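Note sheet for the following structure.
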Amino acid sequence: MNVNIYIETAYSGPAKRRMAGAWLVEYLSKSGKPVTRGGLLYADITTENEMALLLLKHALSILTRTCCVRVFTGCIHILNTMHNHWLWQWQENGWKNAKGKTVGNAFMWKQCAALLERHVAEWTDEAHSYRQCMRGRIRKEMERDHKLKSPENYLVVEVPEWNTGREKRRHEEKGTESI
């Protein structure tokens, strides 16, 4: 099965700040109809890399069978890591980088690596048709004051219109079809 994953964040760069991000998974059902699933995450204090990794983890976690995955992201850190095969080198080196230092966000990278193990993945920063919609929803989320109990917490925001095929998902929960 071919699956596209789209990752968008409010900001780029390493600065810690208030941020929201969106993830969207798209695939074709057995009948050939496009199905999407997605959501938003919000945090009072995070970096682009942390947010993008969390979004990726959420997107990958819904895949229940082996897929060919194409990940669209503007996160340079993720793109460089995957294009240069650093993730697999870090695993072999006990989560140390080439300079012998512990990899930043190692815990999240480990989670993503575990979720990626059974998939064939391709990584790109190409433009996609969901970008404007996702960025618009991220902007709306950034305008809200969520008042999280702890600045390190993340809030998962449901986006019902991004989760198509609701009746199909009820069947999936019964085990008749899944991604």
Side-chain angles (χ1 to χ4, degrees), residues 4-26 36-63 69-91 93-117 121 123-128 130-163:
N4 289 329
I5 293 177
Y6 305 95
I7 305 292
E8 293 290 334
T9 58
Y11 299 108
S12 296
K16 284 197 173 247
R17 65 184 97 191
R18 187 171 155 269
M19 189 178 307
W23 62 273
L24 190 78
V25 176
E26 173 191 54
T36 59
R37 295 194 190 161
L40 286 121
L41 293 176
Y42 169 87
D44 282 333
I45 299 175
T46 193
T47 65
E48 177 199 18
N49 294 348
E50 291 169 344
M51 179 61 77
L53 285 168
L54 266 168
L55 295 165
L56 180 61
K57 184 185 93 165
H58 276 270
L60 290 169
S61 69
I62 70 166
L63 305 180
V69 180
R70 189 163 192 216
V71 180
F72 293 78
T73 181
C75 181
I76 299 301
H77 181 57
I78 289 178
L79 290 168
N80 285 340
T81 297
M82 301 315 291
H83 288 160
N84 294 313
H85 309 286
W86 294 339
L87 183 60
W88 317 122
Q89 291 171 2
W90 295 339
Q91 283 182 302
N93 296 336
W95 296 98
K96 303 281 185 199
N97 64 20
K99 295 179 182 178
K101 295 182 180 180
T102 301
V103 171
N105 300 312
F107 180 71
M108 286 188 269
W109 276 114
K110 288 177 190 178
Q111 291 177 325
C112 288
L115 291 167
L116 282 165
E117 277 182 353
W123 306 84
T124 183
D125 62 352
E126 291 176 17
H128 57 83
Y130 293 108
R131 181 165 282 151
Q132 292 307 318
C133 171
M134 293 172 79
R135 287 183 176 173
R137 188 59 197 262
I138 289 169
R139 276 192 300 278
K140 285 182 185 178
E141 214 53 51
M142 291 294 291
E143 292 171 3
R144 299 175 69 193
D145 185 6
H146 292 289
K147 298 185 186 202
L148 299 179
K149 292 180 183 177
S150 172
E152 295 82 31
N153 289 347
Y154 288 85
L155 175 68
V156 177
V157 180
E158 297 293 325
V159 186
E161 63 270 23
W162 291 359
N163 291 283

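Source: prediction; values computed, not measured.
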At what distance, to the nearest 0.5 angstrom, does [atom1] of [X] lie from [atom2] of [Y]?
X: Leu148; Y: Asn153; atom1: CG; atom2: CG; value: 6.0 Å
X: Trp162; Y: Met134; atom1: CH2; atom2: CE; value: 5.0 Å
X: Ile7; Y: Ile78; atom1: CD1; atom2: CD1; value: 7.0 Å
X: Ile5; Y: Phe72; atom1: CD1; atom2: CZ; value: 10.5 Å
X: Lys110; Y: Asn105; atom1: NZ; atom2: CG; value: 12.0 Å
X: Leu87; Y: Asn80; atom1: CG; atom2: CG; value: 13.0 Å

Nearest heavy-atom pair of [X] and [Y]: which atoms, and what distance?
X: Ile138; Y: Leu40; value: CG1-CD2, 3.8 Å
X: His58; Y: Val156; value: CE1-CG2, 4.0 Å
X: Glu48; Y: Cys75; value: OE2-CA, 3.4 Å
X: Asp125; Y: Arg131; value: O-NH2, 4.1 Å
X: Cys112; Y: Leu60; value: O-CD1, 4.2 Å
X: Asn163; Y: Arg37; value: OD1-CA, 3.2 Å

Q. Between Thr36 and Tyr130, do the side chains contain an N or O donor and an N or O acceptor separated by less than 3.5 Å?
A.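 No donor-acceptor contact under 3.5 Å links the two side chains.
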
Q.
Pairing donors with acceptors under 3.5 angstrom, does anything connect the side chains of Thr102 and Lys96?
A.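 Yes, because at least one side-chain N or O of Thr102 sits under 3.5 Å from a partner of the opposite role on Lys96.
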
Q) Which of parallel (below 30°), tilted (30 to 60°) and perpendicular (above 60°) describes Trp95 and Trp90? A)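 Trp95 and Trp90: tilted rings.
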
Q.
Does the plane of the ring in Tyr42 sit parallel, tilted or perpendicular to the ring in His146? Use 30° and 60° as the thresholds.
A.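 Tilted, since the angle between the ring planes falls between 30° and 60°.
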
Q: Please step through side-chain contact (heavy atoms from CB on, under 4.5 Å) for the pair Leu116 and Met82, ending with a clear verdict.
A: CA-CA 11 Å; Leu116 282 165; Met82 301 315 291; 4.1 Å; yes

Q. Arg137 pairs by side-chain hydrogen bond (donor to acceptor under 3.5 Å, both in side chains) with which of Glu8, Glu161, Gln132?
A.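 Per the side-chain hydrogen bond (donor to acceptor under 3.5 Å, both in side chains) rule, the option paired with Arg137 is Glu161, out of Glu8, Glu161, Gln132.
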
Q: Determine, stepwise, if the pair Thr73 / Leu56 fulfils side-chain contact (heavy atoms from CB on, under 4.5 Å).
A: CA-CA 9 Å; Thr73 181; Leu56 180 61; over 6 Å; no

Q) Do Arg70 and His128 pass the side-chain contact (heavy atoms from CB on, under 4.5 Å) test, and can you show the C-alpha distance, the side-chain angles, and the key distance before you say yes or no? A) CA-CA 12 Å; Arg70 189 163 192 216; His128 57 83; over 6 Å; no

Q. With a 4.0 Å cut-off, would you call Lys140 and Glu143 a salt bridge?
A.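 No.
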
Q | Aromatic ring proximity, centroids under 6.0 angstrom, His77 and Trp109 | A |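 Ring centres of His77 and Trp109 closer than 6.0 Å.
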
Q: Kindly determine whether Trp23 and Lys57 satisfy side-chain contact (heavy atoms from CB on, under 4.5 Å), including the steps that lead there.
A: CA-CA 9 Å; Trp23 62 273; Lys57 184 185 93 165; over 6 Å; no

Q) Got a donor-acceptor contact below 3.5 angstrom from the Asn84 side chain to the Trp86 backbone? A)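 No, Asn84 side chain to Trp86 backbone: no donor-acceptor pair under 3.5 Å.
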
